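One structure is given here, and the rest of the page talks about it.
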Amino acid sequence: MIETLMGKVAFAEALGRYHDRFRHANASRADWIRCMEEVSGGQEFTGMAAVWLKEKEYPILTVSPPAYDPAARRFTLAYRQSRTPAGRLWEFPFRFALVDARGGGGEIREATVRIADEAGEIVLDGVDRPAFLSLNRGYSFYGKTAYRPPEDELYLQVERDPDIVGRFTAFLALADREMLRLLEDPGAAVSDRFADLCAALLADDSLMEEAGGQFLTVFPSVEDERFAHRYRALHDARRAILTAVAARGGETLLRVYRQAAKDTPAAPGGLEEEAAAIRNRQRKNACLSLLATRDTPPEVHQLLLRQFREATAATDRLTAFSLILESSAPERQEILESFAAESAKSPPVAWESFLAAVAGSDCDDLVPPILERIESSPAFAFEQADQQRALYGRFALNRKRSLETEDGRAYLAEVLRRLAPPVNEYSTVRALDAFAFIDGMEPRHRVPAVAVLADLLSSLDPGAQPAVYNNARRFLLGAPPEAVRAYEEEHGAIPALRELNT
């Protein structure tokens, strides 16, 4: 952020001064900042740094719908920033641009403003009306920009913003709106326009060469707190979007996948070549993940099996394996057994990656058959912390299975009892993090989640297992009161909570 405010040339000069001045000597953070201030042309960074390096969280800059006066050709943008938890104001650079719709999205005006007040206005004179705004360009500050433009502007920005960060944040905003619409109306169809956009972005060679396939990430999450912790509903909404993209853009995705597979080098040379290869693999695996939602034999199944058997990169193989595990391919059980045996004989990281891939799966026979089969394998060492984290920790965070299914809750409850000290306190506490958002879950899942924690607490010795005991109790205290009351009406009071109140 300091580099953005100073400019690259001045920043490089300040770095040089710092290294010259403190070569073979001790230096503090204040010394580094002082060198920046000396070269910055009078800018002050000490106060800015004090907030950023000592406060929690990050700023949220809320931008109001802009005003434009066509007669004066004046553009006005109003903003308001959030304060730190201690009530202090952040200081940061805010880089933005007014963008035209003509051509590839020409910039009418770009500006960088140092935000230091709680609210204010930015006025630009002598400018044409923009087609859309490109905010926080290049990720100019660490934080969020809250701005809700019309949907048409977001589509235009995704297609034409010269700034890759702007394109990506616009895509995320569209995906969030699409996810929220499906969550509010589970029977709704996915927007054809959004599905077509997804396929078109993956087919955009220049975009994929710059950003890679992760640009097209549709997260199983939304900003709206009503649905932020409805894990199965979020998964199903995301799945519906991916399925719609594959249904409408199947031929395009297949063509792009085959071309990306063909373009993947067996052994990239230098760093730039390796980075390009990674982006290409991301693109290829994004296409394969979309195509896999069709789950159609033999075409899609053959694609999955071929990539699994012929892949030279671990990420390609793990992607194909995860997709096979969630498919109806007849070979899935055979692949599961053979890949488990192979991974167990490989370096530990390969075995841990296999365990995590399985534990995070959404296949219907995950709990208990597949997980119990892996646990009974001679290769699985229950006492090993790395394997505990890979299998049990990953499963615990697979909340759509671990907390929102009866079998998943029973399995997780048993795992927590077995893991609790003296086996591994740290692994148990990490697995308990799955219960951090009971209050946001669907009401029908809250009481069963409370039951898992209450039963665990009854089996623990608070003196011998204080970290596990106190964390389990903390999550119960954060649970909705009605959920705890409903549990206690049926099963009796939870002693750990009564002791605390006493």
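No experiment lies behind these values; they were computed from the predicted model shown.
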Kindly determine whether Val468 and Val429 satisfy side-chain contact (heavy atoms from CB on, under 4.5 Å), including the steps that lead there. CA-CA 6 Å; Val468 177; Val429 169; 4.1 Å; yes
Provide the full list of ring-ring contact (aromatic ring centres under 6.0 Å, His included) pairs with a residue in residues 384-403, sequence neighbours left out, each pair given once. Phe380-Tyr392, Phe382-Tyr392, Phe395-Tyr411
Under the ring-ring contact (aromatic ring centres under 6.0 Å, His included) definition, can you give me all pairs with a residue in residues 423-447, not counting sequence neighbours?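 Pairs touching residues 423-447 that pass the test: His229-Phe437.
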Check for a donor-acceptor pair, side chain of [X] on one end and backbone N or O of [Y] on the other, with a separation under 3.5 Å.
X      : Y      : answer
Gln465 : Pro421 : yes
Glu404 : Arg232 : yes
Glu352 : Asp386 : no
Ser402 : Leu412 : no
Ser40  : Met6   : no
Asn424 : Leu419 : no
Tyr155 : Phe194 : yes
Glu383 : Val423 : no
Asp163 : Gly138 : yes
Glu178 : Ser191 : yes

Sequence neighbours excluded - salt bridge (Lys or Arg N to Asp or Glu O under 4.0 Å) pairs with any residue from residues 435-450: Glu442-Arg444, Arg446-Glu482
Tell me the salt bridge (Lys or Arg N to Asp or Glu O under 4.0 Å) pairs involving residues 193-202, sequence neighbours left out?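 Of all non-adjacent pairs touching residues 193-202, those that pass salt bridge (Lys or Arg N to Asp or Glu O under 4.0 Å) are Asp152-Arg193, Asp196-Arg248.
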Might you confirm whether atom [atom1] of [X] has over 12 heavy atoms from other residues, nucleotides or ligands at distances under 6.0 Å?
X      : atom1 : answer
Arg430 : CZ    : no
Arg226 : CZ    : yes
Glu118 : CD    : yes
Lys400 : NZ    : yes
Phe22  : CZ    : yes

With sequence neighbours excluded, tell me which residues meet side chain to side chain contact (heavy atoms under 4.5 Å, CB included) with [X].
X      : value
Arg394 : Ala356, Ala359, Leu397, Asn398
Arg114 : Leu5, Gln43, Glu44, Phe45, Met48, Glu91
Ala200 : none
Leu172 : Phe168, Phe219

Please test Cys198 against Phe171 for side-chain contact (heavy atoms from CB on, under 4.5 Å), starting from the C-alpha separation and ending with a verdict. CA-CA 9 Å; Cys198 292; Phe171 175 77; 3.9 Å; yes
Any side-chain heavy atom of [X] sitting closer than 4.5 Å to one from [Y]?
X      : Y      : value
Val256 : Met208 : no
Leu456 : Val452 : no
Pro186 : Asp236 : no
Phe321 : Val358 : yes
Leu183 : Arg230 : no
Leu477 : Phe475 : no
Tyr231 : Met441 : yes

Salt bridge present between [X] and [Y] (N-O < 4.0 angstrom):
X      : Y      : answer
Asp433 : Arg399 : no
Glu209 : Arg279 : no
Asp263 : Arg283 : no
Glu38  : Arg21  : yes
Arg109 : Asp125 : no

Audit row: Val99, Gln157, side-chain contact (heavy atoms from CB on, under 4.5 Å) steps and yes/no: CA-CA 9 Å; Val99 187; Gln157 184 174 5; over 6 Å; no
From [X] atom [atom1] to [Y] atom [atom2], the distance as rounded to the nearest 0.5 Å:
X      : Y      : atom1 : atom2 : result
Glu121 : Phe75  : CD    : CZ    : 11.0 Å
Leu391 : Gln387 : CG    : CD    : 9.0 Å
Gln384 : Ser427 : CD    : OG    : 10.5 Å
Trp32  : His19  : CH2   : NE2   : 9.5 Å
Leu89  : Ser82  : CG    : OG    : 9.5 Å
Leu453 : Leu432 : CG    : CG    : 6.5 Å

Please work out which of the three classes, parallel, tilted or perpendicular, describes the rings of Trp52 and Trp90, given edges at 30° and 60°.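 Rings of Trp90 and Trp52: tilted, as their planes differ by 30° to 60°.
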Starting from the C-alpha separation in whole Å, work towards a yes-or-no answer on side-chain contact (heavy atoms from CB on, under 4.5 Å) for Leu133 and Phe96. CA-CA 7 Å; Leu133 301 183; Phe96 69 99; 5.8 Å; no
Going by atom types only, do Arg474 and Asn471 share a side-chain donor-acceptor pair under 3.5 Å? yes
For Glu107, all residues meeting side chain to side chain donor-acceptor pair (under 3.5 Å), sequence neighbours excluded: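 Only Arg137 meet the side chain to side chain donor-acceptor pair (under 3.5 Å) criterion with Glu107.
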Contacts of type side chain to side chain donor-acceptor pair (under 3.5 Å), residue Thr62, not counting sequence neighbours: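 Partners of Thr62 under the side chain to side chain donor-acceptor pair (under 3.5 Å) test: none.
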Check salt bridge (charged side-chain N to carboxylate O under 4.0 Å, His left out) between Arg95 and all other residues, then give those that pass, not counting sequence neighbours.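 Partners of Arg95 by the salt bridge (charged side-chain N to carboxylate O under 4.0 Å, His left out) criterion, ordered by chain and then number, come out as Glu110.
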Arg34: partners by salt bridge (charged side-chain N to carboxylate O under 4.0 Å, His left out), with sequence neighbours left out: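 Result, salt bridge (charged side-chain N to carboxylate O under 4.0 Å, His left out) vs Arg34: Asp31.
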Determine the minimum heavy-atom distance between Lys284 and Ala260, stating which atoms define it. CB-CB, 3.7 Å
Smallest separation among heavy atoms of Tyr18 and Ala27, with atom names: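 What the structure gives for the nearest pair is OH-CB, 3.5 Å.
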